[in-house]
Every structure is written in structure tokens, then in C-alpha cells.
Q: 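What follows is a structure written as C-alpha cells; I'll ask about it next.
Chain letters run A, B, ... following the sequence lines, proteins first and then strands; every chain starts at 1. Nothing here was measured: the structure is a model prediction, and the numbers come from that model.
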Number of protein chains: 2
Amino acid sequence: MATGREIAQLCGVSVATVSRVFNQPETVNEETRERVLRVARELGYQPNESARALSTKQSTMIGLVWDTDHRRPGWRHPYLQDLLIGLKSALSVHGYHLLMLATSGDAREVGASLADPVGYVNMTRRHHLGGLVLIDSGSDAEAFEAFAQSGVPCVALDVAVDGPRATYVTSDNAGGARAATRHLTGLGHTRIATITGPPGNQPSRARVAGYRDALREAGLPPRDEYVVAGDFYRTSGTVAMQRLLALNEPPTAVFAASDEMAVGALLAARAAGLRVPDDLAIVGFDDIEIASVVDPALTTVAQDKPGFGVAAAKAIMAMITGAGREDPVILPTRLVVRDSCGA
Amino acid sequence: MATGREIAQLCGVSVATVSRVFNQPETVNEETRERVLRVARELGYQPNESARALSTKQSTMIGLVWDTDHRRPGWRHPYLQDLLIGLKSALSVHGYHLLMLATSGDAREVGASLADPVGYVNMTRRHHLGGLVLIDSGSDAEAFEAFAQSGVPCVALDVAVDGPRATYVTSDNAGGARAATRHLTGLGHTRIATITGPPGNQPSRARVAGYRDALREAGLPPRDEYVVAGDFYRTSGTVAMQRLLALNEPPTAVFAASDEMAVGALLAARAAGLRVPDDLAIVGFDDIEIASVVDPALTTVAQDKPGFGVAAAKAIMAMITGAGREDPVILPTRLVVRDSCGA
DNA sequence: CGTTTCACCGTAAGCGGTTACATCATCGTA
DNA sequence: TACGATGATGTAACCGCTTACGGTGAAACG
């Protein structure tokens, strides 16, 4: 590994000049600059990031806080890969890398879990991270708030947070739910139910609100028995659907707040001898991969999955350089019409 | 941020002693050790990882090389999330973190892509990474070989590599394929076809070999027209299936080398008016999520997805500490019988 | 011709740890 | 009593880079 010192010696300049060539090129004479650059190239010079970080007190890494909630072992993020693709590519534009923070192995007192953000914030300081990206892993929003209040730049995904240098990005959940429900009312349905996410979940609440909006628009009275809670999981969709089908006046259409639950509902409907979409119309949310392979293919509200990552990266970078707080980002959604509503 | 020096002053010892408390605790007197520890805790001391890395020439991070091959924009890893879960948790046991390396933004000459591993290896040196984990992203194995030869400890997933400090982990692809095909012969099928992955792909070749083994065991003659190549994508499965159905003597059973292609084949069969499993039996490979939601649910060969990550982490750590080369890891597979074979 | 300005560059002090080596007291032993 | 062994700690160099500050020479100015 060639060092700056070696380059300096070979070029007959000081290490300071070498450093300046890379950090403030305009302050060094063009001739010597090119000489340094050439030698650096020949030597395959790679600046030592540790030394640089030590000196400047900041690294070119941002941390990813992604804890699978241990209270829900089977939890999977619906579209982690797309999110990471967006995040990674947007960060790379600025020369930043993504550090997937690990909870300390011997979780004695470090206790780095989402429920106790201290460990993560400590890691942030240790590594001089530029900021944190917080992925909603189904746990409570309180932990997110603690992150946001810690002072480190952070952007949360799908959880509204507020803090001195914190912001969040989320989909237009209400709008998406409205579009989904409108699609149903537009098809003539009047008995439209919804299967929601966990009560505390913010996107879930927004989706319920959008659902209610669309009913109101269509002049349909809200019915409490048509709103049943799930947890985004597939089986909860099945259970919810069974409950709905047991009603005196079962719905003819269902808006599920996740594709997983929509599939669960579809299974329940099929088990009950109902044909989809003829006897029951179903709309989902997310547009994950399975939406297009189930039979019938699921009509659903698509989220801009890589867009989450890109927006998060932009927000983080803006907070790092700008040092201020950023406005939340609301990503547009898009209704994808397939076969589960008979449209 | 408290530093070691502050602790030293408060404790009336030197910074060397503070450092020793954390790195060679046994060499420092118990009394002073506890004093240092207590003060460190009170001050919320977090060691500066940049300084430590600069001094020791090694960080507590290992790099993840995961490039979505740009020649295949839509490419997705079939089970990235599970893999990451395993990787992350296994690394955290050793106090290591995962750095998702980004290709340099201005890809002038740095050219950090899988096709040109130089950029990644440079990043490895810059950050003093302990090693690299290479995720197969569908690109050619040559690039992997270049990584393996670079001298940095690295473990490849699903690509057999050889190098001074390189190894790999993969599934028992042949065994899995054998089990899948045996399942088919066991059900009485004699006309069994296979849809393979890309010709150059190693797991794909092993699966073909396993398929052939099982045919031989059952005394069935191999038929070239029953082996048609796909690319692991869904649509290639559809195309391949159409080709198979056009044969004079179409197969009554198909082993697809990926679940995605199995689904594609299923779609083609359905479009051709065939009933699955009655007219055609299908087995897949991977056991990804969609396998259980398609209709009929897919019988498939399950891979130990988190196991990939865990094994990779173990191998990397072994190479970091042991400094030698490690044996490749072959993960067991498991046949998951569902409904697509009528078993 | 003296003085100011400015572009360019070197000097050196950090940044916060790690560790080889020296120091020193203590203790067992010849 | 002298001496080597041992355990505990301090000293100081070093890791490679950044940057405030000062110095130099040439050009511009009065």
C-alpha cells in the first residue's frame, strides 16, 4: 500500500501538497498537481480512509439500522432488496457506503436493538458515520423517536419522526388507499371492507383514512364491522377474511393494506368456495412479487420501492452537508390493475 | 465524545493502561482495571474505530460485494434478505459489521463493478476490511476468480472459487436435484424433463448432474430434448416449457432449476390447457416465498438461506484469524413436498 | 526601489488509539 | 545481601492524513 508520504518523496513535494491535490486541487499548481496524480496512479495509491476519518472526524459511510424485531421472528421486509438497490446506488453517487450495523454480539449492556437505540447511536459515533437510515421493522415508533432525538442525522422509512436532524420518507398511503377504494366503488361495489395493518402502524392508519375518504366520496356509509385489523402477515389476512365472511352481510370487495394479507384473504375466500373476482373483489397494497403470480393476479397499489432508498439517500446527504433539517418525502403510489377485481 | 486520554487523566493512569484495559485486560491490575472500566462507563466512552483501525491496520468490517449485473437490469437475488439476516447475525457475534461497498460514483477509471474487481479490492484496502463476501449476481465467474486471486480473504456464494485465502459456500445442488428427480421417478414418471439455469452457472450444472444421476438410478435413458436451458428467470421457464410441450413426446414431469422458472413453466402449462399436477408434475428449486402461494403450491428443493450467510461469516472469520484457506461449505438441501406433483 | 499582494508550498501539530520498550517495585532465591 | 524474575505501568514512537500557519519568490503597486 503506497502512502501519501511515498508519493510526496517521489514527487519532491510535501505530504501536505499531496493531500491538497486530492482535497483542494485548485490550490495547487497545475504542473505539480498532475505530477502527483500521475505518480499516485502509477503506485496504485489508495487513501487510507481510517486516517482520513480520524483526521476529519467523519467517514464516508452511513449506517443502516435494520433489526428484525425479535418479537416477530418470521418478519420480513416486503421489499428490502429494491430498497437497498435504490439506497446503495444513490449513496454511491456521493462516494458513500452503507454500513449494516450489527447489534453487539455479547449483548450484555450494549443492548443494541431497536428497542434501545443507544447502542446504534454509539456505533454511529465510533465510526463517525454521516447518519443513519432506519428501516421500519414492525417495532414501535418510540424507538425511532429516540433515534431522531439523538442528534445524529437520520431518516426513517415509513415512520414519521421529528428531531433536530431527522426526517422520514413514506408513501402516499392515504392517496394509494383512496385510489384502491375508488377503484372498487367505481366498479359498483357498495359493501367494501378493509383489512388493516397493526393499529399503531402509521402507514396502516393512513391507509384506513384513505379508505374512509373514498367511501365518503362515494356516499357510502362507514361500517365498523367492515374494518378489521391484521398485522400485515398473510395468515392475519386469512383470519380477517373469515371474520368478514361470517358477517350477516359480508362485503363484496376488500381492500387489504398489504399484498400478503390480500393473498391470505384470497386463500380464505377460495376455501369458503367464493370465486375471485366474481364473488369477491380484492385489492392489495405494496405490489410485491407474489402479487403477479397468485391466481387471480392481484390488483394492488404499487409503491416506489427503489424510490424509498433514493429519497432516503438524498435526505441523508442533504442533512450531512446542509446541517439542517429536511422536509419529509412523500412518494407517489400507483394503482396496478390486474385480475382480482374483475376490472 | 470522551477519549482514552480523558479517562486516563481521571483515573491517574496513562493512555497505554486504558488501552490495555480493553485489549489485554489480563495484563493490568484488577483494581485499576475496574476503576478504568467504571470511569469509561460513566463517561459513555466509545473507542474511536478510525483511530484503532489506523493503528492496527484492520477494521471490524467485512465488505459485501453485491452488484446487480447491469446487463440484467431486472435481476433480483432470490433470497437476499434471509441471506443478509444470517450474515449479519453471525458477524455480529464477532463484533463485525457488514459494509455494502458501492461502486464509485464517478466511475471514471475506478471502475468498481463485478466485471472489474479492482475497484472493490481497492476499497477493501482503503477501509482495512477484514475480507469480502461475494454474492452471485448472475455475472460470470471470471470476476470472482479475480477477487479470489487478489489475496484478500473472500468467500463467494454459489460460485466455486480458488485462491490463497478464498473459499465458497453453496448448496448441495446435485443432491437437491437428485432428490427432486427421485421424487418424480418415485411417483412413476418416466418422461422427466429439466429446465436448467444459464449454461455457465455452476449450481445449474450441478443440478443437471443430479437430475441425470436420478434418471440413471431409475434406469431411465437420458434424452437430450428433455434438457432445455433457461436463465433462472420466470419467462425463460415459460419459454422452455412451451418448447417441451411442442415435443412429439412431451414430458409428464419437469424439474425446474429455480422456483421462478417453475412458476413460468406452470403458467405455460396452464395456458396450454394442462392441469398441474394431473397432466404435468412440476418441481422447483429454492423454496422462495412464491413457491407456497402459487396454485398449485410448488413442490421444491429448499435451500438453507440464512445458512448461506452464517456459513459465509464463519468462513470469513476463520480466514481472518486463522490466516489460512478454508474448505468450501456445502449446505444440505431439503425437499419440500407440496401440491405440484400430486404426491 | 520599497512595499504589498498573492499564488504556491512546506512545517508541524494534531486526530485517538496501539504497542515495543523502558522503568520500577516486589519477591523469591542463591 | 545481591540478583534475576515477574508483574504493573509509563514513555514515546507510530499509524496516514488534514489543515492552520508561516514562509518564499514573483508580480503588482505606489
Side-chain angles (χ1 to χ4, degrees), chain A residues 1-37 39-40 43-61 95 122-130 320-321, chain B residues 1-37 39-40 43-61 95 122-130 320-321:
Chain A
M1 280 294 287
T3 70
R5 184 198 308 261
E6 297 180 40
I7 298 180
Q9 286 172 344
L10 284 183
C11 291
V13 299
S14 71
V15 288
T17 299
V18 174
S19 178
R20 277 189 284 257
V21 165
F22 293 104
N23 299 311
Q24 310 150 32
E26 66 283 356
T27 70
V28 34
N29 180 281
E30 179 171 345
E31 188 182 340
T32 67
R33 192 200 317 158
E34 302 206 331
R35 189 151 35 100
V36 168
L37 248 19
V39 172
L43 264 53
Y45 171 69
Q46 297 295 326
N48 184 320
E49 296 290 342
S50 303
R52 180 198 285 265
L54 175 60
S55 185
T56 63
K57 297 180 190 307
Q58 56 175 322
S59 72
T60 55
M61 305 184 291
N122 284 344
M123 283 300 167
T124 305
R125 303 205 199 287
R126 282 187 184 213
H127 292 277
H128 295 298
L129 301 183
I320 290 176
T321 59
Chain B
M1 280 293 289
T3 70
R5 183 197 309 263
E6 297 180 40
I7 298 180
Q9 286 173 343
L10 285 182
C11 292
V13 298
S14 71
V15 288
T17 299
V18 174
S19 177
R20 277 190 283 255
V21 165
F22 293 104
N23 299 311
Q24 310 149 31
E26 65 283 358
T27 70
V28 34
N29 181 281
E30 178 170 346
E31 189 181 341
T32 65
R33 191 200 319 159
E34 302 206 331
R35 188 151 36 100
V36 167
L37 248 19
V39 172
L43 264 53
Y45 170 68
Q46 296 296 324
N48 183 322
E49 296 290 340
S50 303
R52 181 197 286 263
L54 175 60
S55 185
T56 64
K57 298 181 189 308
Q58 57 176 320
S59 72
T60 55
M61 304 184 292
N122 284 344
M123 283 300 169
T124 304
R125 302 204 199 287
R126 282 186 185 215
H127 292 276
H128 294 298
L129 301 183
I320 291 177
T321 59

Q: Checking contacts here: which listed nucleotide (D:dC17, C:dT18, C:dC9) is nearest the side-chain heavy atoms of A:R20?
A: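 Nearest nucleotide to the side chain: C:dC9.
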Q: May I have the distance from A:E49 (atom CD) to D:dG16 (atom P), rounded to whole angstrom?
A: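 From A:E49 CD to D:dG16 P: 14 Å.
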Q: Does the side chain of A:M123 reach to within under 4.5 Å of the side chain of A:L129, using non-hydrogen atoms?
A: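 Not in contact.
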Q: Output the rounded distance in Å from CG (B:N48) to C1' (D:dT18).
A: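 About 15 Å, once rounded to whole Å.
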Q: Would you say the side chain of B:H127 lies within less than 4.5 Å of the side chain of A:T60, judging by non-hydrogen atoms?
A: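 Sidechains of B:H127 and A:T60: in contact.
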Q: Measure distances between side-chain N and O atoms of B:R126 and base N and O atoms of D:dG16, and say whether any donor-acceptor pair falls under 3.5 Å.
A: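 No such pair is found, so the answer is no.
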Q: Is there a side-chain polar atom (N or O) of B:K57 under 4.0 Å from OP1 or OP2 of D:dC14?
A: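 Looking at the OP1 and OP2 atoms of D:dC14, neither is under 4.0 Å from any side-chain N or O of B:K57.
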Q: What is the separation between atom CD on A:Q58 and atom P on C:dC15, rounded to the nearest whole Å?
A: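 To the nearest whole Å, that distance equals 16 Å.
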Q: Report the distance from atom CD of B:E26 to atom P of C:dT19, rounded to the nearest whole Å.
A: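 Distance check: B:E26 CD to C:dT19 P gives 12 Å.
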Q: Using a heavy-atom cut-off of under 4.0 Å over every strand shown, decide if B:S14 touches base, sugar-phosphate, or nothing.
A: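 The answer is base, as B:S14 lies within the cut-off (heavy atoms under 4.0 Å) of a base atom.
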Q: What nucleic acid atoms does A:V13 come within less than 4.0 Å of, heavy atoms only: base, sugar-phosphate, or nothing?
A: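 Sugar-phosphate only.
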Q: Looking only at side-chain atoms of B:A51, point me to the closest of D:dA12, C:dG17, C:dC15.
A: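 Between D:dA12, C:dG17, C:dC15, the one nearest the side chain of B:A51 would be C:dG17.
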Q: Are any non-hydrogen side-chain atoms of A:R52 and A:N23 less than 4.5 angstrom apart?
A: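 With C-beta onward as the side chain, the pair touches.
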Q: In whole Å, what is the span from the CD atom of A:E30 to the P atom of C:dA7?
A: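 Checked: the CD to P distance equals 16 Å.
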Q: With the side chain of B:N23 defined as its heavy atoms from C-beta on, choose the nearest nucleotide among C:dT18, D:dT18, C:dG10.
A: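 Comparing C:dT18, D:dT18, C:dG10 against the side chain of B:N23, the answer is C:dT18.
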Q: Does A:S19 place a side-chain N or O at less than 4.0 Å from the phosphate oxygens OP1/OP2 of D:dT18?
A: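 True: A:S19 side-chain N/O within range (under 4.0 Å) of D:dT18 OP1/OP2.
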Q: Name the closest nucleotide to the B:P47 side chain, picking from D:dG16, D:dT18, C:dG17.
A: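 Among the listed nucleotides, the one closest to the side chain of B:P47 is C:dG17.
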Q: Taking any heavy-atom pair under 4.0 Å as a contact, classify A:F22: base, sugar-phosphate, or nothing.
A: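 Contact class for A:F22: none.
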Q: May I have the distance from A:R52 (atom CZ) to D:dC15 (atom P), rounded to whole angstrom?
A: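 It works out to 19 Å between those atoms.
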Q: Within the pair A:S50 and D:dC15, is there a side-chain N or O less than 4.0 Å away from OP1 or OP2?
A: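 For D:dC15, neither OP1 nor OP2 has a side-chain N or O of A:S50 closer than 4.0 Å.
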Q: For B:R33 and D:dA8, give me the distance from atom CZ to atom P, rounded to whole Å.
A: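 It is 9 Å, rounded to the nearest whole Å.
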Q: Take A:L37 and A:F22 through the test side chain to side chain contact (heavy atoms under 4.5 Å, CB included) and record every step on the way to the result.
A: CA-CA 9 Å; A:L37 248 19; A:F22 293 104; 3.8 Å; yes
Q: Are A:T32 and C:dC9 close enough that a side-chain N or O sits under 4.0 Å from OP1 or OP2?
A: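 Yes.
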Q: Separation of A:H128 atom NE2 from D:dG16 atom P, in whole Å?
A: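 That distance rounds to 18 Å.
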Q: Name the residue from A:H128, A:R125, A:R126 that meets the side chain to side chain donor-acceptor pair (under 3.5 Å) definition with B:N48.
A: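 Between B:N48 and the candidates, side chain to side chain donor-acceptor pair (under 3.5 Å) is satisfied uniquely by A:H128.
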Q: Among D:dT9, C:dG17, C:dA12, which is the nearest nucleotide to the side chain of B:V28?
A: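 Per side-chain heavy atoms of B:V28, the pick is D:dT9.
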Q: So, B:S59 side chain and B:A53 main chain: donor-acceptor pair closer than 3.5 Å or not?
A: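 No: the side chain of B:S59 does not pair with the backbone of B:A53.
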Q: Should B:S55 be listed as having a side-chain N or O under 4.0 Å from OP1 or OP2 of C:dG17?
A: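 False: B:S55 side-chain N/O out of range (4.0 Å or more) of C:dG17 OP1/OP2.
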